[in-house]
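Here's the structure, in structure tokens; my notes come after.
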Number of protein chains: 2
Amino acid sequence: MGRNDALTGMGSVQKAFALLDVVAADERGLSAKEIAAALEMPLPSVYRLLKTLVESRHLVHLKDQSRYALGYKLHALDASLHRQVGTPSAVARLVLELHSRGDAAAYYAVHRGDHVVVAHVVDSPTRRRITPMGFGFNDAAHATAFGKILLAGMDSTQRRAFLARHGLPSMTCNTIRTVEELERELHQVSEGGIAFEREEFMLGSSCLGAPVRNAAGQIVGSVAVSMDAADFDQRSAWIATLLRDTADKVGRALRATTALPQRS
Amino acid sequence: MGRNDALTGMGSVQKAFALLDVVAADERGLSAKEIAAALEMPLPSVYRLLKTLVESRHLVHLKDQSRYALGYKLHALDASLHRQVGTPSAVARLVLELHSRGDAAAYYAVHRGDHVVVAHVVDSPTRRRITPMGFGFNDAAHATAFGKILLAGMDSTQRRAFLARHGLPSMTCNTIRTVEELERELHQVSEGGIAFEREEFMLGSSCLGAPVRNAAGQIVGSVAVSMDAADFDQRSAWIATLLRDTADKVGRALRATTALPQRS
DNA sequence: ACTTCGGTTCTCGCCCGGTGAGAATGCCCG
DNA sequence: CGGGCATTCTCACCGGGCGAGAACCGAAGT
């Protein structure tokens, strides 16, 4: 009864990553014993894993506290991830400019594989980004401005597949809940060239997004900003023109760099 | 003949991380076949690993290009690493101030386990950091200003053990090569409260560092700057006073935050 | 110096599950 | 409809991961 997918094999590999997660969850790192308890594994097995992970520098052993904590290899991997996602510096500059000119947290999102992913964010202490929506965020495309832009840019087959994979999880009481309503919304997005998101992802925050197109006219990315829901109405008109301007510049910057990004 | 340490066990775990490295090395991700070739593994085994790594979100499958690339879980792990290394925001602000006031790439380094580690860097396009010396850098303490500061803060037993572990690899023709010479240098560092590094890590770049102390007077960290070797002589006096000032402020900031950091 | 006590490593059979060749499936492109 | 490529499946073999227990080690405590 009910599909069970837990057993995909590679038990030891899964345990190794589970161990990393457990260690990552603690602010200060954990002792071997605590890890064993958390994973419900015998101590010697935990030590075996720890040894290989320390050797590969994915963990470090803080001998003085007999604790284990995350290692520096993980930073190198994240740096490689950033390289692969690859926001050109010209684009990063434009997003920064969007942040300061619009006085709001600014985002740049793209297609990557099956996902709509945030590739770059610029915010500041006074204009904070929506908390979970940092680099790598790839949920709830139907409830974000840049997500709507990128969904609107997919053909209906792709979009159907995408929505079948991800569903329409409700984030707030304003989140769009049905495919029909979403399709209507996306139609308006295509018409207007701007996506609105009014407290659909998080109460108190609203967003605006605009499409970035490649030379072929395909929508390959989106720039967006988030702001307090209270400011939304009075600022949206100015922000919309700013976004359109920024999106055009980003598109031009992309076309200037080597290979033009393709849509998924 | 010759110690062989390759077989620490957990073969599949090692292979999983080797696979991550191989994928990370490529700018655009790799196909399963390319990975198999790089690791000299049969295809089915590679697919098994890929499947579990994609499931755990350490990799993503770019179906449209039939490529595999790094996944977003790695960013989450790096974020946790940053939390664990934990540079308080007050300290980060002071390093930023050091960067702008000193008009030079600015560093903050601490003890972490067996290593001297760069915990925070602020640089800019015009005042670039020394390339490998980013967050997480933990090599060649004997050839860096902050490394000398932290070495000088260790007692002689700890220092001997540290040097035995790491040796004195030569980075440039100016790198200190003998323990005796290093001890003399560290003595001067202790006396003067400032560490100098003149093209000992990289030709063309020189550094200055100052010690950060906890309430007990132990050296728990170091602030440092790097600059063009050509500018070194004329700027070092002013930079030194600036560093001392910054280091004092950082020490005070640390004491203001909850638990005082202990030395290794 | 002797003991105690965590932390860490080692020993050693058992047998689980990772392994790899090969074939099957599915998909895209012509 | 057919060939080529990516991906998954099947299956028998046996390497190596597993866990209990003991040994080792260094750091207090008495």
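In what follows, chains are A, B, ... by sequence order, proteins preceding strands, each numbered from 1.
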(Q) For A/Tyr68 and A/His61, take the angle between the two ring planes, folded into 0 to 90°, and tell me which bin it lands in: parallel under 30, tilted 30 to 60, perpendicular over 60. (A) parallel
Q. Is it true that B/Arg67 and B/Asp26 make a salt bridge, defined as a side-chain N closer than 4.0 Å to a carboxylate O?
A. no
**Q.** Global bending angle along the helix from C/dA1-D/dT30 to C/dC28-D/dG3, which compares the axes of five pairs at either end, to 10 degrees
**A.** 50°
(Q) Counting primed atoms plus P, OP1 and OP2 as sugar-phosphate and everything else as base, spell out the protein contacts along nucleotides 9-23 of chain C at 4.0 Å heavy-atom distance: B, S or - for each nucleotide, 5' to 3'. (A) BB-------SBBBB-
(Q) Does the plane of the ring in A/Phe146 sit parallel, tilted or perpendicular to the ring in A/Tyr107? Use 30° and 60° as the thresholds. (A) tilted
Q) Is a donor on one side and an acceptor on the other found under 3.5 Å between the side chain of B/Ser66 and the backbone of B/Leu62? A) no
Q: Send over the distance from B/Leu50 CG to D/dC9 P, rounded to a whole Å.
A: 14 Å
Q: Round to a whole Å and report the spacing from CD of B/Gln65 to P of D/dT7.
A: 12 Å
Q | Between C/dT8 (P) and A/Arg67 (CZ): distance, integer Å | A | 12 Å
**Q.** Those residues that, when tested against B/Arg213, pass side-chain hydrogen bond (donor to acceptor under 3.5 Å, both in side chains) (two or more places apart)
**A.** none
(Q) Could you check whether B/Glu55 and B/Thr52, counting side-chain N and O atoms only, form a donor-acceptor pair closer than 3.5 Å? (A) no
(Q) Using whole Å, what does the distance between atom C1' of nucleotide D/dT7 and atom CG of B/Leu30 come to? (A) 17 Å
Q | Mutual orientation of the aromatic rings belonging to A/His115 and B/Tyr72 [parallel < 30°, tilted 30-60°, perpendicular > 60°] | A | perpendicular
Q: Give a yes or no on whether the backbone of A/Ser31 and the side-chain of A/Glu34 come within a donor-acceptor separation of less than 3.5 Å.
A: yes
Q: Let me know the distance between CG of A/Leu62 and P of C/dT8, rounded to the nearest Å.
A: 11 Å
Q | Distance, rounded to the nearest Å, where B/Lys63 contributes NZ and D/dT8 contributes C1' | A | 14 Å
